[in-house]
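These figures come from a predicted structure and were not determined experimentally.
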Amino acid sequence: MNMAVRRAAAIFLSGFLILLPGRALAFVLAAPLEGTVGIAMERFAIDTLGRADREGASLVVFMLDTPGGLVSSMRAITSAILESPVPVAVWVSPSGARAASAGAFILQAAHVAAMAPGTNAGAAHPVMASGKDAPDEEMKKKITNDLAAQMRSLSQLRKRNMDAAERMVTESLSITAEEALSMGVADLLARDMESLLLGIRGRETELRGRTVFLDPPLGPPVVTGMTPGEKILQFISSPDIAYLLLTAGVLAIVFEV
């Protein structure tokens, strides 16, 4: 009798443990990407995607609000999104937020590009850390053409309007959320998280070479954010602050001499 009870308990526990991973799949991981695109945001975005993969998230939602930043960090983030085994939605939010410059590339890299009403995207023409164009005309042309090709590649991969996306780089085109939707640069408008997830449900996308249908749960997402240390690193490593610190360092040396 005791042996039968033990066997029944073992079978029950085995079934329970098998069910746990299935339950873990039914959650959305949301993370804000706010401020300058730099080393700290790059690490945070990559860590978030890694966590989503480890914990079995069904979708990652990046809530984006950025004026732009480093090209190197932007490329690292877009590459991580393209290689992610978990679908990624980039949602420019809340109202008043923007996906400018490097943020426009991150938006186009997403499996789902969403924007809240009252947001804007674009103005992705490359500039130096000082805020000015490259001094050499030939170098300026090379950088612009390289980034324009990347923008076309991302929008083509996600089946969006390549011409409009490219104009963000070549002509500094900046558009509202409604304009982005009508021009085919964004996939949907969403005022809040609930409407975002409802809009994503049933959409088809390419995930690492295979077609998948998105079906995120509609409950509240699991929200993660930067640690205080990461926020400090993001502030210090932003191009504007780094440029000011470099200038201050040079002036300090001059005064010392």
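- The shortest side-chain heavy-atom distance between Leu207 and Pro85 does not fall under the 4.5 Å cut-off.
- Transitive grouping of hydrophobic side chains (ILVMFWY, heavy atoms separated by less than 4.5 Å) keeps Leu157 and Met162 in distinct clusters.
- A 4.5 Å side-chain heavy-atom check between Leu188 and Ile200 finds at least one atom pair inside the cut-off.
- Open room surrounds CZ on Arg191; 12 or fewer heavy atoms of other groups in view lie less than 6.0 Å from it.
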Test log, rule side-chain contact (heavy atoms from CB on, under 4.5 Å), inputs Val90 and Leu33 = CA-CA 9 Å; Val90 172; Leu33 295 183; over 6 Å; no
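- Asp65 contributes a side-chain N or O that, together with a main-chain N or O of Arg98, makes up a donor-acceptor pair within less than 3.5 Å.
- Rounding to the nearest 0.5 Å places CD of Glu42 at 10.0 Å from CG of Asp47.
- The heavy-atom pair separating Gly68 from Ser101 by the smallest distance is CA-CB, 3.7 Å.
- Met115 has its side chain out of reach of Thr176: every pair of non-hydrogen atoms, C-beta onward, lies at least 4.5 Å apart.
- Residues Thr36 and Pro67 come closest through the heavy atom pair N-CD, 4.3 Å.
- Looking only at side-chain heavy atoms (C-beta outward), Thr211 and Glu206 come within less than 4.5 Å of each other.
- Judged by distance alone, with hydrogens and angles left aside, the side-chain atoms of His125 form a donor-acceptor pair with the main-chain N or O of Val169 at under 3.5 Å.
- No option in Arg158, Arg152, Arg160 other than Arg160 meets the side chain to side chain contact (heavy atoms under 4.5 Å, CB included) test with Gln108.
- Residues Met193 and Met63 meet the side-chain proximity criterion, which asks for heavy atoms closer than 4.5 Å.
- Ser58 places no side-chain N or O within 3.5 Å of a backbone atom of Pro216 that could act as its donor or acceptor partner.
- Between Leu59 and Leu29 the shortest side-chain heavy-atom distance does not fall below 4.5 Å.
- Counting all heavy atoms, side chain and backbone alike, Ser93 lies closest to Ala116 at CB-CB, 4.1 Å.
- Phe62 and Ala45 make their closest contact through CZ-O, 3.8 Å (heavy atoms, listed as atom of the first residue, atom of the second, distance).
- Taken from OG in Ser195 to CG in Leu189, the straight-line distance is 9.5 Å, to the nearest 0.5 Å.
- Other residues, nucleotides and ligands contribute at most 12 non-hydrogen atoms within 6.0 Å of the CZ atom of Arg43.
- Ala113 and Ala110 get closest at one heavy-atom pair: N-CB, 4.5 Å.
- A distance-only check finds a donor-acceptor pair linking the side chain of Ser182 to the backbone of Glu179 [under 3.5 Å].
- No continuous path of hydrophobic side-chain contacts links Val223 to Leu64 [ILVMFWY only; heavy atoms under 4.5 Å].
- Phe44 CZ to Thr224 OG1: the interatomic distance, rounded to the nearest 0.5 Å, is 5.0 Å.
- With rounding to the nearest 0.5 Å, the separation of CD in Glu178 from CG in Asn120 is 10.5 Å.
- Criterion: ILVMFWY side-chain heavy atoms under 4.5 Å apart, direct or through other members. Under it, Val71 and Ile77 are part of a common hydrophobic cluster.
- Residues Leu147 and Arg75 are in side-chain contact: their nearest non-hydrogen atoms beyond the backbone lie under 4.5 Å apart.
- Judged purely by atom type and a 3.5 angstrom limit, Ser84 has no side-chain atom pairing as donor or acceptor with the backbone of Ala80.
- A donor-acceptor contact shorter than 3.5 Å is absent between the side chain of Thr66 and the backbone of Ala99.
- Side-chain contact check for Val112 versus Trp91: every heavy-atom pair is 4.5 Å or farther apart.
- Here the CE-CG distance, from Met168 to Leu173, works out to 6.0 Å after rounding to the nearest 0.5 Å.
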Starting from the C-alpha separation in whole Å, work towards a yes-or-no answer on side-chain contact (heavy atoms from CB on, under 4.5 Å) for Leu49 and Glu83.
-> CA-CA 10 Å; Leu49 293 174; Glu83 292 298 319; over 6 Å; no
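- Looking at every heavy atom in both residues, Met74 comes nearest to Ala102 through CG-O, 3.6 Å.
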Kindly indicate, with the supporting measurements, whether the criterion side-chain contact (heavy atoms from CB on, under 4.5 Å) is fulfilled by Asn161 and Ser155.
-> CA-CA 6 Å; Asn161 189 332; Ser155 57; over 6 Å; no
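- One hydrophobic cluster holds both Leu198 and Leu196 under the rule that ILVMFWY side chains link at heavy-atom gaps under 4.5 Å.
- Val92 is connected to Met183 through a chain of hydrophobic side-chain contacts under 4.5 Å among Ile, Leu, Val, Met, Phe, Trp and Tyr, so both are in one cluster.
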Derivation of the side-chain contact (heavy atoms from CB on, under 4.5 Å) call for Gln150 and Thr78 = CA-CA 10 Å; Gln150 183 185 11; Thr78 56; 3.7 Å; yes
